[in-house]
Structure formats: structure tokens, C-alpha cells
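Let me begin by presenting the structure, written as C-alpha cells, before commenting on it.
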Amino acid sequence: MRIAMIGTGYVGLVSGACLSEFGHSVVCVDKEADKVAALKAGTIPIYEPRLDEVVATNTKAGRLTFETDIAKAVRGADAVFIAVGTPSRRGDGHADLTYVHAAAEEIARALTGYAVVVTKSTVPVGTSREVEKIIRKLRPDLEFDMASNPEFLREGSAIDDFRRPDRVVVGCDTERAREIMREVYRPLYLHETPILFTSRESSELIKYAANAFLATKITFINEMADICEKVGADVQDVSRGIGLDGRIGGKFLHAGPGFGGSCFPKDTLALRKTAQDLGTPTRIVEAVVSVNDSRKLAMAEKIERAFGGVNGKTIAVLGLTFKPNTDDMRDAPSLVIVPFLQRKGATIRAFDPEGVKEARKLMNVELCRDAYEALDGSDGVVILTEWNEFRALDMARMKALLKTPLMIDLRNIYRPNQMAQAGFTYVSVGRATAAPSR
Ligand code: UDX
């Protein structure tokens with residue numbers, strides 16, 4: 001099977017590399033010549049565990065190549081995937097389809113024979129039909145089919161998610177397109193991955209509905225955490241207690257500083273806008289967007305309260321990325337929390353295992369080489385991202401380095417009684433504050 005993947009962002013690069021690992025011949029296209037040159041030389045533009053190995057192995061085997069010219073990649077392809085960016089449009093949050101439309105035009109001009117054109121980027125309902133119109137208008141002669149095939153991979157575990165997805169969703173209208181898409185994902189039949197064939201509209205909506213539902217779960221448990229703090233309950237017990245109900249499920253019920261990243265914030269905004277435009281507003285999603293927005297600020301205020309005011313204090317911040325195992329800072333809670341603390345007069349000494357390069361562009365803080373360097377001489381420590389290396393910090397060493405043994409853990413990675421025994425004042429989310437017991 002010959003595949004062209006247009007766009008080498010997160011989704012495009014991971015999907016292209018993993019599809020080549022399935023044995024297909026994949027050409028990944030990007031307009032940025034520097035990026036393509038770097039990829040050809042084996043340099044991966046993002047931090048994603050094991051992506052470099054998958055790219056290297058398949059490039060070496062000749063199944064994966066990189067190209068700046070769409071026409072070259074598309075000629076002779078059985079399936080052409082559009083995986084370009086769909087950022088939030090400034091102002092109204094609608095998904096900006098400029099890149100998708102531009103890719104469609106270029107694909108139309110370049111196709112030489114039948115192919116399935118697949119939207120892989122997260123696109124609003126109806127986009128696949130719009131793209132079809134664009135191509136048909138430019139090339140009325142051309143035989144092609146359109147499909148929608150949303151991607152559900154998570155940053156930080158993208159390779160595993162692609163290799164073993166919970167399901168694959170394909171929206172298309174013809175048997176010919178279905179046959180090609182079945183062939184693209186044939187290796188997954190070995191693991192008995194469910195492949196759901198549906199209409200293009202359903203497929204497009206499934207992606208938004210999935211992300212909005214998960215964002216709702218997180219927002220719901222965050223609100224429960226606030227109640228827990230007021231009544232002396234423990235949000236982790238509440239999560240477990242409700243999550244064991246098979247109808248609810250235990251995943252995505254970790255209370256924290258609010259969701260961030262490249263998908264949930266953008267996709268909830270886009271769904272809200274689509275629903276409003278259709279005259280069927282989604283009040284739940286509207287609430288999720290606004291509750292999550294205010295949560296980041298509420299967490300900054302929680303930190304301020306824990307310190308008894310932050311003016312003139314030095315605060316160690318551990319973790320800046322929106323989640324662990326990525327260098328992505330898009331919509332990270334740190335982007336609201338750190339500037340708030342600085343405005344209130346705090347000095348920030350931060351450390352992140354992979355996010356330092358991005359953080360340097362986005363905030364003006366002292367970036368340290370490791371967690372202990374950030375702690376040295378600080379008045380307290382705040383955990384913003386649950387990187388594994390923060391899960392077993394040396395308590396005695398931390399206590400010796402900090403001016404005051406104060407920890408604010410917005411990811412609940414430690415246990416209150418364990419922290420109290422280690423001599424810390426420990427503030428977490430949805431659990432009682434622990435005072436040092438020695
Ligand atoms: C998400 C979806 O999971 C994925 O299917 C989709 O393709 C893209 O968007 P991603 O953004 O990579 O993936 O990260 P995810 O692990 O889903 O976390 C998103 C945000 O929610 C992070 O900020 C994370 O910290 C937060 N989160 C997640 C919680 O606060 N609590 C949870 O229980 C789970």
C-alpha cells in the first residue's frame with residue numbers, strides 16, 4: 001500500500017512512521033524544508049518516547065521517506081492522509097481550516113489516478129464533504145473517494161496508542177474506500193482491534209465527542225475535589241469509588257490543575273462553536289470550557305494562600321509541560337500559574353525534564369538543571385506536572401535544601417501522611433492539608 005501523509009506535526013509524523021512500520025510505503029510531506037531536511041537526517045522535531053527509533057528503523061528499511069513536494073508524494077498513492085494543523089481561530093475558537101483547504105487543493109492538482117483522500121486532522125463535522133467539493137471543483141475528471149479517520153493518540157504514549165488503539169474509526173461512503181482503509185489497518189486485526197466503519201459525519205463527530213467527554217470527566221472530578229476540600233473527603237477515594245462502577249470507569253478521573261495540551265482546549269472550543277452555530281448549544285461543554293479556564297487561576301491562588309502570600313518569596317516549580325513525557329507546553333497550567341505568582345512578587349526557580357527549551361520561549365524564569373537545584377534556597381516547592389522523576393524525591397535532601405518544608409502538589413503524587421511524617425506541610429488537590437508530624 002502506498003501512502004502519502006501531508007503534514008509532519010504530532011499526528012502526521014507518528015501516524016506516518018507507525019504506518020510504515022505496518023509495512024506500507026509512506027511518504028511524509030511538509031512544506032518546511034528545514035524540518036524535512038532534519039527528518040531525513042534522523043532529527044525528530046518533537047519529544048515523543050521511541051518515535052526516533054521507529055523513524056530510524058523504517059527510514060533505513062526504505063519504507064519511510066520525507067518530501068517537501070506534495071505532488072511527488074501523492075502521485076501513485078493509494079491513500080492520501082491530510083494531517084495538517086487545525087488551530088483555534090482567533091476570537092471564536094472555530095477550527096481554522098486554512099491549511100486543510102490548501103492541502104486539498106494541492107492534492108487535487110497532483111493526483112494522477114484513483115486514491116482515497118483521508119482527513120486525519122481533527123476537523124469539524126462536514127469538513128470531509130467540503131474537501132471533496134474543493135477537489136471535485138478543481139478536478140471534475142478525477143476518480144477518488146473521501147474518508148474521515150480521526151486519530152486518538154496521546155502525547156507521551158503516541159507510539160503505543162497507534163500500535164494498539166482501543167479502536168479505529170473510519171467514515172466513508174463507498175466499498176472501494178472501505179477496502180483500502182481496511183488494508184491500511186490490516187495489521188491491527190491481529191490484535192482484534194475494533195474497526196468502526198461509519199458515515200463521515202459520525203466519524204468527525206466521534207473525535208470531538210470523545211475529547212469533550214474526557215475533558216468533562218476531568219472537569220467533573222476537579223469540581224468534586226473542591227467539594228472534598230470543604231467537607232474533609234479524599235478525592236482519590238471518591239475517584240476510585242465511582243471509577244469501580246463499570247459504567248463510569250476509573251480513567252481520566254485524576255483531579256489536578258485543569259487540562260491543557262494541543263487537543264482538549266482546542267477541541268472543546270471548536271465543538272462549542274459548532275454547536276452554537278447549529279443552534280444546538282452544548283451547555284455541558286460550555287461549562288467545561290469555562291470551569292477549566294478558571295481552574296488554572298484558582299490553582300495559582302491556592303498556591304498563594306499556601307505560602308501566606310508570595311511577595312518576596314522564591315518558589316521552586318517542578319514540571320512546566322501540560323503533562324509528562326512531552327516537551328509540549330500548549331495550554332499548560334504553568335503558563336497561567338507561573339506569571340500569576342511572578343505578578344504577585346515571587347521569584348520562580350523551575351525545572352522540567354523535557355520542557356526547558358519551550359519554556360525558555362514562553363516564560364521568564366530561572367530554569368534549573370534538576371529538581372534539587374530548583375529547590376535550593378526556595379521557600380517552598382510546587383509540583384505542576386507528574387513526571388516520573390518527581391515521584392520519589394529524596395525527602396531529607398529536599399528538606400535540607402528548602403528554607404521552609406512546604407510542598408504544594410497539584411498532581412497528588414505523594415500521600416499526605418507520608419509527607420507529614422517527612423516533616424512537610426503538604427497541600428494537595430481534593431485532600432486535607434497535612435501538617436508536619438515531626
Ligand atoms: C488527548 C486525548 O487523550 C487523545 O485521545 C487525543 O487524540 C488528543 O488529546 P493528550 O492531549 O496527549 O491526548 O493528553 P491526555 O493524556 O489526554 O491529557 C490531557 C490533559 O488532561 C492533560 O493536561 C492532563 O494533565 C489532563 N488530565 C488527564 C487530568 O488532569 N486528569 C486526568 O485524569 C487525565
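Order of listing sets the numbers, starting from 1, for every ligand and every atom in it. These numbers were taken from a predicted model, which means no experiment stands behind them.
Annotation: ligand 1 has protein neighbours E151, F152, L153, R154, E155, K207, N211, I218, F252, L253, H254, F259, G260, C263, F264, F322, K323, R411, each with a heavy atom less than 4.0 angstrom from the ligand.
Atoms CD and OG, from E130 and S128 in turn, are 9.5 Å apart once rounded to the nearest 0.5 Å. Atom CG in L64 sits 11.0 Å away from atom CD1 in I3 (nearest 0.5 Å). The line from CD of E386 to CZ of R411 is 4.5 Å long, rounded to the nearest 0.5 Å.
A donor-acceptor contact under 3.5 angstrom links the side chains of T86 and K266, judged on distance only.
For K217, there are no salt bridge (charged side-chain N to carboxylate O under 4.0 Å, His left out) partners, not counting sequence neighbours.
Stacking of R330 on the aromatic ring of F322 is not recorded, the 6.0 Å distance cut-off and the 45° axial limit not both being met.
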